[in-house]
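Structure first, then comments.
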Amino acid sequence: MLTLKQVWDEETIQRLTEKRKTDFSSTVSEIRLMDEHRKKTQQALDSCLQKANEISKQVGDLFKKGEAAAANDLKSESSALKEKSKGLQEQLRSAEEDMKSLLYKLPNVPHAKVVAGVDETDNEVVFESGGIPAKEDGLLPHWELAKKHEIIDFELGVKIAGAGFPLYIDKGARLQRGLINMFLDHNTEAGYTEYLPPLFVNEASGIATGNLPDKEGQMYHMQVDDLYAIPTAEVPVTNIFRDDIVNPDKLPLKCTAYTPCFRREAGSYGAHVRGLNRLHQFDKVEIVQVTHPDKSYDTLEEMLQHVKALMAKLELPYRILRLCGGDTTFASAMTYDFEVWSKAQDRWLEVSSVSNFETFQANRLKLRYKDETGKTQLCHTLNGSSLALPRIVAALLEHNQNSDGTVSMPAAVIPYVGFDKIG
RNA sequence: GGAGAGAUGGCAGAGUGGUUGAAUGCGGUGGUCUUGAAAACCAUUGUGCCGCGAGGUACCGGGGGUUCGAAUCCCUCUCUCUCCGCCA
């Protein structure tokens with residue numbers, strides 16, 4: 001959520017409008033109006049309460065002195081004030097609520113470097129690891145390779161749970177486990193602290209990360225206990241720092257966590273969701289950083305390099321996009337997407353998204369630090385996948401298939417999975 | 001699932017209607033002392049909102065009520081702990 005200061009700042013709103021190519025002016029002016037109303041109400045309420053407090057003291061004194069008659073006169077005055085304050089309090093509460101729901105409507109302001117744009121066609125390719133490999137005949141898509149080698153069974157997954165819940169078997173299962181370990185090691189070696197968080201979160205956590213109340217339909221909800229299955233480790237990990245005022249000497253905070261991720265993906269069907277392309281349950285290793293505002297773009301760059309190094313170990317063709325304003329996710333100020341090339345599907349697959357949220361998340365989380373002058377300031381938060389498993393596995397299988405039908409493992413993966421070949 | 005206890009500042013822990021934003025201890029920060037450190041001593045040490053500021057106001061798990069006045073009394077919700085049962 002944007003801060004009120006940002007909403008009042010003309011330049012900021014201009015950039016928001018320009019970069020996302022969307023007109024937010026009506027929401028902005030509503031918020032500003034509501035903010036002024038809120039301030040006035042607050043002032044009226046405070047002075048009303050101040051009077052009431054003074055009278056209460058006087059009444060106490062009068063009773064002590066035994067002047068009951070005078071005290072009773074003041075009592076009625078106080079009652080009137082109380083009535084008035086009740087109304088004001090109600091006004092203030094509803095003004096604050098209205099303002100909040102209006103604020104929730106505004107997405108983050110893209111960074112100045114982000115290009116203005118509407119959708120993915122405006123995204124910039126900022127890095128390519130070596131170009132798209134030439135087309136070959138007879139390549140099998142990963143779901144056929146998975147079937148052939150009996151390493152992922154989608155039908156059995158349907159039997160047990162439903163579509164989008166694959167069953168990994170034997171080397172397929174070991175590949176998952178090995179990759180998770182490899183990714184986590186890569187992160188902890190770079191100084192990230194490993195967490196194993198709860199896979200279900202309460203409502204407060206969902207609200208703090210912005211998954212609730214709006215995107216409710218995207219998460220699995222356990223009604224009996226009112227818990228939500230996490231769509232990403234970002235939710236529990238970020239909530240570690242909810243309502244925190246951290247010591248600035250401790251920044252940056254670097255966290256990594258492996259979790260399964262659960263997504264309802266309501267309304268997405270068709271050829272593009274085949275195989276491992278889009279699932280209801282998948283595994284992902286996440287990295288999260290909390291930084292000083294001055295450092296967050298250096299950190300974003302560092303995270304980019306970090307994920308690049310991991311991609312290099314996997315030896316897959318990939319590229320990095322810097323998303324344009326309109327394609328940058330709601331909470332993000334700058335996002336880089338990593339995409340691997342799917343050789344058999346002949347298309348790019350997103351495997352990581354690295355974002356700087358600046359204060360957008362921290363504001364809702366109330367994640368702050370104390371600056372040199374002792375004032376509390378919002379931290380910046382960043383996160384990224386390093387990496388999401390399914391599409392990596394898809395690309396890995398397709399990219400490394402040999403003419404005899406077997407699939408080789410990249411050198412860096414072999415010690416983690418304990419085999420060099422499938423089939 | 002049954003029975004009971006509790007929820008107060010970074011932590012521990014007082015406070016049962018009137019300068020209590022809250023004793024005390026620990027921790028943190030600054031200082032004195034010291035070659036340095038420790039110890040000791042002194043001071044300081046929550047957050048939000050409104051206000052240029054002085055200052056005001058709110059917050060003792062959440063919500064509601066009683067009262068001129070509530071951390072303190074009442075109702076309600078949530079959570080935590082202990083014992084029993086069940087169980088990886």
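Remember, predicted model here, so these are calculated numbers, not experimental data. Each chain gets a letter, A, B and so on, in the order its sequence line appears, and its residues count up from 1.
Taking 4.0 angstrom as the limit, Q43(A) places a side-chain polar atom (N or O) nearer than this to OP1 or OP2 of rG51(B). Applying the 4.0 Å criterion to OP1 and OP2 of rC49(B), one finds that R38(A) has every side-chain N and O outside that range. Note on K370(A): a side-chain N or O is less than 4.0 Å away from OP1 or OP2 of rU47(B). Note on N53(A): every side-chain N or O is 4.0 Å or more away from OP1 and OP2 of rG69(B).
Regarding D244(A), its CG atom lies at a distance of 15 Å from the P atom of rG9(B), rounded to whole Å. The CD-P distance, from E203(A) to rC77(B), rounds to 18 Å in whole Å. As rounded to whole Å, 12 Å separates atom P of rC59(B) from atom CD of Q42(A). Rounded to whole angstrom, the span from the NZ atom of K100(A) across to the P atom of rC49(B) amounts to 12 Å.
Among the heavy atoms of the strands lying under 4.0 Å from R368(A) are primed sugar atoms or P, OP1, OP2 only; no base atom is included. As judged by a 4.0 angstrom heavy-atom cut-off over every strand, K375(A) is placed among residues making no nucleic acid contact. I245(A) comes within 4.0 angstrom of sugar-phosphate atoms only, judged by non-hydrogen atoms across all strands, and of no base. S47(A) comes within 4.0 angstrom of nothing in the nucleic acid, heavy atoms only. At the heavy-atom level, L49(A) lies under 4.0 Å from the strands shown only through sugar-phosphate atoms.
There is a side-chain donor-acceptor pair under 3.5 Å between Y192(A) and Q289(A). E358(A) and Y297(A) form a side-chain donor-acceptor contact under 3.5 Å, judged by distance and modelled atom types alone. A donor atom on one side chain and an acceptor atom on the other are found under 3.5 Å apart for T406(A) and N402(A). With no hydrogens or angles considered, a side-chain donor-acceptor pair links S353(A) and D337(A) at under 3.5 Å. When only modelled atom types and interatomic distance are considered, E301(A) and Q305(A) share a side-chain donor-acceptor pair under 3.5 Å. With hydrogens and angles left out, the side-chain atoms of H280(A) and Y220(A) include a donor and acceptor closer than 3.5 Å.
Taking atom C1' on both nucleotides, rU8(B) is separated from rG21(B) by 11 Å, rounded to a whole Å. Rounded to the nearest Å, the gap between the C1' atom of rU72(B) and that of rA23(B) is 15 Å. The gap from the C1' atom of rA70(B) to that of rC59(B) amounts to 13 Å, rounded to the nearest Å. Distance check on atom C1': rA58(B) versus rG51(B) gives 15 Å, rounded to whole Å. The gap from the P atom of rG69(B) to that of rU19(B) amounts to 15 Å, rounded to the nearest Å. Using C1' as the reference atom, rA14(B) and rC60(B) are 12 Å apart when rounded to the nearest Å. Of the C1' atoms belonging to rU78(B) and rA43(B), the separation is 41 Å, rounded to the nearest Å. Taking atom P on both nucleotides, rC74(B) is separated from rG6(B) by 12 Å, rounded to a whole Å.
Side-chain atoms of D46(A) lie closest to rU57(B) of the nucleotides rU57(B), rG65(B), rG18(B). For T376(A), whose side chain is taken as the heavy atoms from C-beta onward, the closest listed nucleotide among rG56(B), rG48(B), rA58(B) is rG48(B). For S56(A), taking side-chain heavy atoms from C-beta onward, the closest of the listed nucleotides rC49(B), rC68(B), rU57(B) is rC68(B). Considering only the side chain of K39(A), rG51(B) comes nearest among rU57(B), rC49(B), rG51(B).
Place L45(A) and I55(A) on RNA chain B by their nearest nucleotides, and L45(A) ends up nearer the 5' end. Toward the 5' end of RNA chain B, the nearer of the two residues K51(A) and R93(A), judged by each one's closest nucleotide, is K51(A).
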Notebook entry, point to check: Once Watson-Crick and G-U wobble pairs under 3.5 Å are found, how is RNA chain B written in dot-bracket notation, 5' to 3', with | for any base paired to another strand?
Noted result: ((((((((.[[[..)..(.....]]]((((((.......))))))(((((....))))).[[[[[..)....]]]]])))))))....
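Both cation-pi conditions hold for R364(A) and Y104(A): the charged atom is under 6.0 angstrom from the six-membered ring centre and inside a 45 degree cone around its axis.
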Please output the side-chain donor-acceptor pairs of residues 231-247 of chain A that fall under 3.5 Å, not counting sequence neighbours, one pair per line with the distance.
| unit_1 | atom_1 | unit_2 | atom_2 | d |
| --- | --- | --- | --- | --- |
| T232(A) | OG1 | E234(A) | N | 3.0 |
| T232(A) | OG1 | K284(A) | NZ | 2.8 |
| E234(A) | OE1 | N383(A) | ND2 | 2.8 |
| E234(A) | OE2 | Q361(A) | NE2 | 2.7 |
| E234(A) | OE2 | N383(A) | ND2 | 3.2 |
| T238(A) | OG1 | E234(A) | O | 2.5 |
| N239(A) | OD1 | R242(A) | NE | 2.6 |
| N239(A) | ND2 | S205(A) | O | 3.0 |
| N239(A) | ND2 | V235(A) | O | 2.9 |
| R242(A) | NH2 | S205(A) | OG | 3.0 |
| N247(A) | OD1 | D249(A) | N | 2.9 |

For residues 155-180 of chain A, which side-chain N or O atoms pair as donor and acceptor with protein atoms under 3.5 Å away, sequence neighbours left out?
| unit_1 | atom_1 | unit_2 | atom_2 | d |
| --- | --- | --- | --- | --- |
| K171(A) | NZ | K421(A) | O | 3.0 |
| R174(A) | NH2 | V417(A) | O | 3.4 |
| Q176(A) | NE2 | D283(A) | OD2 | 3.0 |

